[in-house]
Amino acid sequence: MVKYMSLHPPIFYIYTFSNPRSNQIHLHFQDTPHQTSLSLSLSSLSPLSLSLSLSLSLSLSLLSLSPLSLSLSLSLSLSLSLSHTGIEMLSAKATCNSHGQDSSYFLGWEEYEKNPYHQLKNPNGIIQMGLAENQLSFDLLESWLKNNPDSAGFKNDNHSLFKELALFQDYHGLPAFKNSLADFMSEIRSNKVTFDPNNLVLTAGATSANETLMFCLANPGDAFLLPTPYYPGFDRDLKWRTGAEIVPIHCSSSNGFRITESALAEAYEEAQKQNLKVKGVLVTNPSNPLGTSLSLHELNLLVDFVSSKNIHLISDEIYSGTVFCSPGFVSIMEVLKNRDLMNTEVWKRVHIVYSLSKDLGLPGFRVGAIYSNDNMVVSAATKMSSFGLISSQTQYLLSEMLSDKKFTRNYLSENRRRLKQRHEMMEKALQKTGIRCLKGNAGLFSWVDMRHLLSSQTFEGEMELWKKIVYEVGLNISPGSSCHCSEPGWFRVCFANMSKETLLIAMQRLSSFVDSMAKKNNQSGRRRQPLNGNLRRSKSSLPKWVFSLSFTTSKSGKERF
């Protein structure tokens, strides 16, 4: 029992105690001869929610500034200590802040979810341009489903497969699906390489695939080298639960953010300075967020580097089917084959991550895969996949779809054509506003150069511009700093997750914003002209914008891409 005494007469006593058996906390406020009792059940309230509820009571009571308000303020200090006690009951993983959810990449998502654009219901809402989702070819998928009702209804020659699929639990996956997925991967690579279905491990999306590989290849505290800029979700996927570390390979706009031998060497040396054991390099090919495929020179450089260091190479190739113009896509497996490195030690240390989320536009189906030529990695990853399986119904449906070669051939061709058309549409609109992009040939986004719009060439200037674009313009785009870009002023802007009409509205908003900035700069310039022969000048900077943001944890539970 804890007793506090207030400084105002009459004397108040606060008795606070907990009853472990009933899992209740009782707060008693005594004022002779009156007594007020408050009982809160912790079985339905988390420690954080308890603190917040009492904080609300405190703010309301302070309005009256009565002796009772002082009593509540004293009880609040006790409630906070109780909250900390509750947090200590959880694991370090549950209470740590290493998930990366506080990145501007995810915060932009949360702001969009509070105020999503809708053509009719909310025309002034925020347009989502931070989502790398392919919605351009859904009609092709829906047409196939319409023309193949038996597959969609889990039937084969009018015989229902529902019971068989519902009872299937083998974490190795349906053989028919693994065969069709391996063939589809080869088809995307123009059949220059083939994939053995026995070396495929099915996972619940690429997120699970990357994390599983980390568990297989690295111990907690070991490091992987990643070229910057890289997908913000890697801070979660590779590090959060595995305990692995990321050391950036700093790439520069001076050469189009290409990987160089010196950048690889510097990253490796930096890891050694931090006493980190480097276990490998992870690249995305094509790159997210750059929208470019790796050159043959870069791929050879990577193979040479991992060979010399005796480390692993993970090639995340989930955007391989989105390459819409030259140069074409070259898989790391093609490089190994052409260099006659099959069945060598480096052959076993190269692993591929793949998914149908981007190439086929099915992120909600949660279909990912690991491909490895190392039998031990395949065995370990297969066992781990039991924590994130693909439903047998999904496997069956997609095995039927992907085994339809006429469909896959037409889909890949038409999808690439549509991506190219949409890519050109957005970049032409951006060029009209004076905004340039890194020359890209793949992906569902452009890497946009807005350095000339920054108030200062700093990451603070980048965040200032990003907040304006989110709140003033109503567009959620991803700032380069969230992708660990070493240069401020670059942004990832997605174009394939919306209709043509919505994209046009987004470009109109951005154009108006750039025009308004130009007018302000001109007006500011005129004010700086000499007056009456006096050469006084004012600072040439954009107006400062101050934002009081109150970001809350997203409740959508969606994957972020």
Side-chain angles (χ1 to χ4, degrees), residues 93-94 99 133 141 145 151-156 160-185 195-218 231 233-234 236-242 244 282 314-318 320-321 351-403 556-561:
K93 189 67 64 180
H99 180 275
E133 193 172 81
L141 300 172
L145 291 172
S151 298
F154 308 118
K155 294 181 179 179
N156 187 3
S160 176
L161 300 174
F162 178 79
K163 181 178 180 180
E164 180 182 343
L165 294 172
L167 296 177
F168 184 84
Q169 300 182 63
D170 188 347
Y171 55 43
H172 290 86
L174 286 173
F177 175 60
K178 294 179 75 172
N179 290 333
S180 61
L181 181 61
D183 289 344
F184 186 64
M185 292 171 65
F195 295 90
D196 183 351
N198 293 320
N199 291 353
L200 274 175
V201 179
L202 302 181
T203 63
T207 294
S208 178
N210 278 308
E211 185 187 54
T212 298
L213 271 177
M214 285 297 109
F215 275 122
C216 290
L217 306 180
Y231 165 54
F234 280 151
R236 168 201 63 195
D237 303 350
L238 308 182
K239 296 172 54 178
W240 183 40
R241 297 199 299 185
T242 67
L282 186 150
I314 299 174
S315 182
D316 186 326
E317 300 184 356
I318 67 173
S320 54
H351 320 277
I352 288 179
V353 168
Y354 187 61
S355 166
L356 296 180
S357 296
K358 312 302 180 181
D359 289 352
L360 211 57
L362 299 173
F365 277 33
R366 309 308 305 145
V367 178
I370 295 168
Y371 187 85
S372 176
N373 291 304
D374 188 318
N375 292 332
M376 291 185 65
V377 170
V378 172
S379 176
T382 300
K383 295 170 185 175
M384 292 182 188
S385 70
S386 61
F387 294 99
L389 298 173
I390 307 170
S391 76
S392 56
Q393 290 86 351
T394 299
Q395 292 185 55
Y396 174 77
L397 175 62
L398 293 178
S399 68
E400 293 288 296
M401 180 181 289
L402 296 182
S403 62
S556 67
K558 293 181 181 178
E559 279 290 339
R560 308 307 208 231
F561 302 95

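FYI, side chains are in, hydrogens and waters are out, and symmetry mates aren't considered; it's all heavy atoms of this structure.
The minimum heavy-atom distance linking Ala206 with Val353 is given by the pair CB-CG1, 4.0 Å. When every heavy atom of Met401 is checked against every heavy atom of Leu145, the shortest pair comes out as CE-CD2, 4.4 Å. The two residues Ala381 and Cys216 come nearest to each other via the heavy atoms N-SG, 3.8 Å. Between Ala204 and Leu389 the shortest heavy-atom distance is CB-O, 4.2 Å. Pairing each heavy atom of Glu400 with each of Ser151, the nearest pair is OE1-OG, 3.2 Å. In plain terms, the two heavy atoms of Ser180 and Ser399 that are nearest each other are OG-CA, 3.4 Å.
Using a distance-only test at 3.5 Å, with no hydrogens or angles considered, no donor-acceptor pair links the side chain of Lys178 to the main chain of Gly173. With hydrogens and angles disregarded, no donor-acceptor distance shorter than 3.5 Å links the side chain of Ser379 to the backbone of Asn375. With hydrogens and angles ignored, the 3.5 Å screen pairs a side-chain donor or acceptor of Tyr371 with a backbone N or O of Asp196. The backbone N or O of Gly205 sits nowhere less than 3.5 Å from a side-chain atom of Ser208 that would complete a donor-acceptor pair. Gln395 places a side-chain N or O within donor-acceptor distance of the main-chain N or O of Leu174, the cut-off being under 3.5 Å.
We find the CD1-CG distance between Ile352 and Leu200 to be 9.5 Å, quoted to the nearest 0.5 Å. Note that NZ of Lys383 and NE2 of His172 are 9.0 Å apart. Values are rounded to the nearest 0.5 Å. How far CG of Asp316 is from CZ of Phe234: 4.5 Å, rounded to the nearest 0.5 Å. Residue Asn199 holds its CG atom at 11.5 Å from NE2 of His351, rounded to the nearest 0.5 Å.
Put simply, the side chain of Thr203 reaches to within 4.5 Å of the side chain of Ile370, judged on heavy atoms. Using a 4.5 Å heavy-atom threshold, the side chains of Arg236 and Tyr231 count as touching. Leu398 places none of its side-chain heavy atoms less than 4.5 Å from the side chain of Leu181. Two residues are said to be in side-chain contact when any heavy atoms from C-beta on lie closer than 4.5 Å; Leu217 and Ile314 meet this criterion. Proximity of Phe215 to Arg241: side-chain heavy atoms (C-beta onward) are separated by under 4.5 Å at one or more points. In this structure, the side chains of Asp359 and Ser320 come closer than 4.5 Å at one or more pairs of heavy atoms. Two residues are said to be in side-chain contact when any heavy atoms from C-beta on lie closer than 4.5 Å; Asp237 and Met214 fail this criterion. No side-chain heavy atom of Ser355 sits under 4.5 Å from any side-chain heavy atom of Glu317.
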Leu141 and Leu362: side-chain contact (heavy atoms from CB on, under 4.5 Å), yes or no, with the steps?
CA-CA 10 Å; Leu141 300 172; Leu362 299 173; 3.9 Å; yes
Test Leu356 against Phe365 for side-chain contact (heavy atoms from CB on, under 4.5 Å), laying out the working first.
CA-CA 8 Å; Leu356 296 180; Phe365 277 33; over 6 Å; no
side-chain contact (heavy atoms from CB on, under 4.5 Å), that's the test. Do Phe195 and Tyr354 meet it? Break it down for me.
CA-CA 12 Å; Phe195 295 90; Tyr354 187 61; over 6 Å; no
Audit row: Leu213, Leu282, side-chain contact (heavy atoms from CB on, under 4.5 Å) steps and yes/no:
CA-CA 11 Å; Leu213 271 177; Leu282 186 150; over 6 Å; no
